[in-house]
Amino acid sequence: MVHREKLKVSTPQGRFDEEAKKVSGRKICQVTADGKHLFYHWTRGELAHVHLGLYGKFRVHKNPAPEPRGAVRVRMIGRERSFDLNVPNRCELIDQQAYTQLRARLGEDPLHSGACADTVWDRCNKSRAPIGSLLLNQSVIAGVGNIYRTEVLFLARIHPELPANHLDRKQFDELWERTKTLMKIGVKYNQIITLGREQRDRPLSRLAASERVNIYKRDDCPRCGSGVKSWELGGRKMYACCNCQKK
DNA sequence: TTGATTGTTACCGG
DNA sequence: TCCGGTAACAATCA
């Protein structure tokens with residue numbers, strides 16, 4: 001995250017006025033992330049918890065920033081740029097206890113260098129849930145969303161409905177390594193890219209977002225050409241190639 | 001206008 | 001009591 005400057009905070013919709021006052025004019029000293037949760041640490045110990053949810057988005061403006069567009073919950077105004085936080089799922093000031101509790105219910109974050117694969121492996125072994133569902137469970141792995149679960153299972157050639165406790169250690173290790181690699185690429189380029197370089201027929205910049213993945217919302221399997229099957233799994237739309245991903 | 005959505009949570013039944 | 005599945009909720013965009 002980029003907003004490490006002295007920031008004035010305003011709340012265009014007035015919903016967080018009292019909270020915003022507490023941090024207005026202060027400087028953010030650190031921004032951390034656990035899974036999909038962002039934490040803004042302000043200089044006097046205040047802690048803002050942000051979760052973007054399905055539609056949340058940061059919009060960056062050069063100053064003077066234009067009128068807020070859409071459901072802007074918080075505007076952070078720096079010297080040169082401003083940041084609008086649109087429709088986050090969560091945006092709140094929390095105390096240390098809430099912070100600790102929140103982090104405690106999150107699983108291993110593949111982006112953290114200290115993430116423990118064995119812990120995730122243990123959870124897999126104890127779960128009869130389809131691996132496609134388990135990958136969305138934030139208390140097991142924090143940070144994986146619908147696109148990454150679809151793509152890592154495809155790349156590891158694992159059927160999404162395989163019960164998690166039927167995975168062998170080799171399959172699990174491949175899943176874990178691919179998840180780490182893909183998520184790191186995501187951070188580096190600030191977008192989800194799962195298509196290997198050798199499979200691209202154009203430079204990345206000429207590919208639409210939907211063309212930077214293997215099978216998520218795609219019609220055909222890039223490996224064997226079979227039709228991609230889609231169905232609901234774990235409350236979200238799953239995509240898989242039933243030819244390449246055997247149960 | 002309608003439907004889908006890069007997600008979370010509470011709740012319910014087995 | 002634990003676990004997994006489901007519905008409700010949210011605002012935007014194609």
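Residue numbering restarts at 1 for every chain, and letters A, B, ... go by the order of the sequence lines.
Contact annotation: the side chain of A/Cys221 never approaches that of A/Asn243 to less than 4.5 Å [non-hydrogen atoms, C-beta and beyond].
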Query - Residue pair A/His41, A/Tyr99: steps toward the side-chain contact (heavy atoms from CB on, under 4.5 Å) verdict - result: CA-CA 11 Å; A/His41 306 255; A/Tyr99 177 55; 3.9 Å; yes

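In this structure, A/Arg90 places its CZ atom 12 Å from C1' of C/dC9, rounding to the nearest Å. Counting to the nearest Å, the P atom of C/dG5 and the CD atom of A/Glu161 are 10 Å from each other.
Looking at residues 134-158 of chain A, you'll see A/Gln138, A/Gly145, A/Asn146, A/Ile147 sit with a heavy atom under 4.0 Å from some atom of DNA chain B. Residues from residues 116-128 of chain A placing a heavy atom under 4.0 Å of any atom in DNA chain C, listed by number, are A/Ser127, A/Arg128.
Legend: residues meeting salt bridge (Lys or Arg N to Asp or Glu O under 4.0 Å) with A/Asp109, ordered by chain and number and at least two apart, are absent. By the ring-ring contact (aromatic ring centres under 6.0 Å, His included) test, A/His37 pairs with A/His49, A/His51, sequence neighbours left out. A/Arg90 pairs by the salt bridge (Lys or Arg N to Asp or Glu O under 4.0 Å) definition with A/Glu92, not counting sequence neighbours. Applying the ring-ring contact (aromatic ring centres under 6.0 Å, His included) rule to A/Tyr148 yields no partners; only residues at least two apart in sequence or on another chain are considered.
Using a 4.0 Å cut-off between a side-chain N of Lys or Arg and a carboxylate O of Asp or Glu, A/Arg123 and A/Glu108 do not qualify as a salt bridge.
Looking only at distances, no side-chain donor or acceptor of A/Glu46 sits under 3.5 Å from a matching main-chain atom of A/Asp95.
The span of DNA chain B lying next to chain A, judged by atoms under 4.0 Å from heavy atoms, is bounded 5' to 3' by B/dT5 to B/dT9.
Residue pairs that meet the side chain to side chain donor-acceptor pair (under 3.5 Å) test with at least one member in residues 222-241 of chain A, sequence neighbours left out, are A/Glu161-A/Trp231.
Around the CZ atom of A/Arg44, the shell of radius 6.0 Å holds no more than 12 heavy atoms that belong to other residues, nucleotides or ligands. No more than 12 heavy atoms of other residues, nucleotides or ligands shown are found within 6.0 angstrom of CZ on A/Arg128. No more than 12 heavy atoms of other residues, nucleotides or ligands shown are found within 6.0 angstrom of CZ on A/Arg69.
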Which atom pairs, one a donor and one an acceptor, fall under 3.5 Å between side chains of residues 52-67 of chain A and the rest of the protein, sequence neighbours left out?
unit_1: A/His61; atom_1: NE2; unit_2: A/Asp84; atom_2: OD2; d: 3.0
unit_1: A/Asn63; atom_1: OD1; unit_2: A/Ser82; atom_2: N; d: 3.4
unit_1: A/Asn63; atom_1: OD1; unit_2: A/Ser82; atom_2: OG; d: 2.5
unit_1: A/Asn63; atom_1: ND2; unit_2: A/Gly78; atom_2: O; d: 2.8
unit_1: A/Asn63; atom_1: ND2; unit_2: A/Arg79; atom_2: O; d: 3.2

Side-chain polar contacts of residues 179-186 of chain A - donor-acceptor pairs under 3.5 angstrom, sequence neighbours left out - could you list them?
unit_1: A/Thr179; atom_1: OG1; unit_2: A/Leu175; atom_2: O; d: 2.6
unit_1: A/Thr181; atom_1: OG1; unit_2: A/Glu177; atom_2: O; d: 2.8

Report task. Determine which bases of DNA chain B form Watson-Crick or G-U wobble pairs with both distances under 3.5 Å, and write the result as a 5' to 3' dot-bracket string with | for other-strand partners. Result -> .||||.||||||||

Enumerate all atom pairs, one protein N or O and one N or O from nucleotides 12-14 of chain C, separated by less than 3.5 Å.
unit_1: C/dT12; atom_1: OP1; unit_2: A/Ala71; atom_2: N; d: 2.7

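Nucleic acid contact class of A/Gly53 (heavy atoms, under 4.0 Å, all strands): sugar-phosphate only.
The distance from the CG atom of A/Leu162 to the SG atom of A/Cys124 is 10.0 Å, given to the nearest 0.5 Å.
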